[in-house]
Amino acid sequence: MHRVKEVRFDEYCKKCVHYEKKESEDPCWDCLNHAWNYDTHAPVDFKEKDNSQQKQSP
């Protein structure tokens, strides 16, 4: 049986590859329209950033 959970945008959005997009753009628009998800607090279109490829400060 699946349990419905409230999405924790405050935790996940800042870790997402789409974080820099506007709320009105896809896929952010779709995520924000689904405040509940099955068995997870993550947004439906969440894709975690790969921090190892980000530029490092000198």
Side-chain angles (χ1 to χ4, degrees):
M1 180 179 224
H2 295 290
R3 293 189 325 192
V4 178
K5 295 185 177 186
E6 185 176 7
V7 172
R8 297 294 311 264
F9 295 109
D10 60 326
E11 289 181 26
Y12 287 92
C13 289
K14 59 188 169 195
K15 299 176 188 175
C16 185
V17 297
H18 305 292
Y19 182 66
E20 298 299 321
K21 291 190 177 191
K22 294 180 183 178
E23 293 176 0
S24 60
E25 294 180 315
D26 284 334
C28 298
W29 175 255
D30 291 331
C31 278
L32 293 171
N33 281 318
H34 295 92
W36 303 93
N37 205 351
Y38 292 104
D39 297 327
T40 181
H41 292 286
V44 293
D45 290 323
F46 173 72
K47 293 183 182 127
E48 191 163 7
K49 293 178 194 174
D50 183 3
N51 291 331
S52 65
Q53 294 180 354
Q54 290 182 352
K55 293 182 180 179
Q56 295 180 359
S57 300

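Nothing fancy with the numbering, it's 1 onward along the sequence. Just so it is clear, the structure is predicted and the values come from calculations on it, not from any experiment.
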| remark: CG (N37) and NE2 (H2) are apart, to the nearest 0.5 Å, by 10.5 Å

| query | Step by step, would you call L32 with F9 a side chain to side chain contact (heavy atoms under 4.5 Å, CB included)? | reply | CA-CA 8 Å; L32 293 171; F9 295 109; 3.9 Å; yes

| query | Just wondering, more than 12 heavy atoms not from K5 lying within 6.0 Å of its NZ? | reply | yes

Identify the heavy atoms of [X] and [Y] that sit nearest to each other, and give their distance.
{"X": "D45", "Y": "C31", "answer": "N-SG, 3.2 Å"}
{"X": "C28", "Y": "H18", "answer": "SG-O, 3.6 Å"}
{"X": "F46", "Y": "Y12", "answer": "CE1-O, 3.2 Å"}
{"X": "E48", "Y": "V17", "answer": "O-CG1, 3.6 Å"}

| query | Would you say E23 and W29 make side-chain contact, with heavy atoms under 4.5 Å? | reply | no

| Can any side-chain N or O of K49 pair as donor or acceptor with the backbone N or O of K14 at less than 3.5 Å? | yes

| task | Please step through side chain to side chain contact (heavy atoms under 4.5 Å, CB included) for the pair V4 and Y38, ending with a clear verdict. | result | CA-CA 5 Å; V4 178; Y38 292 104; 3.5 Å; yes

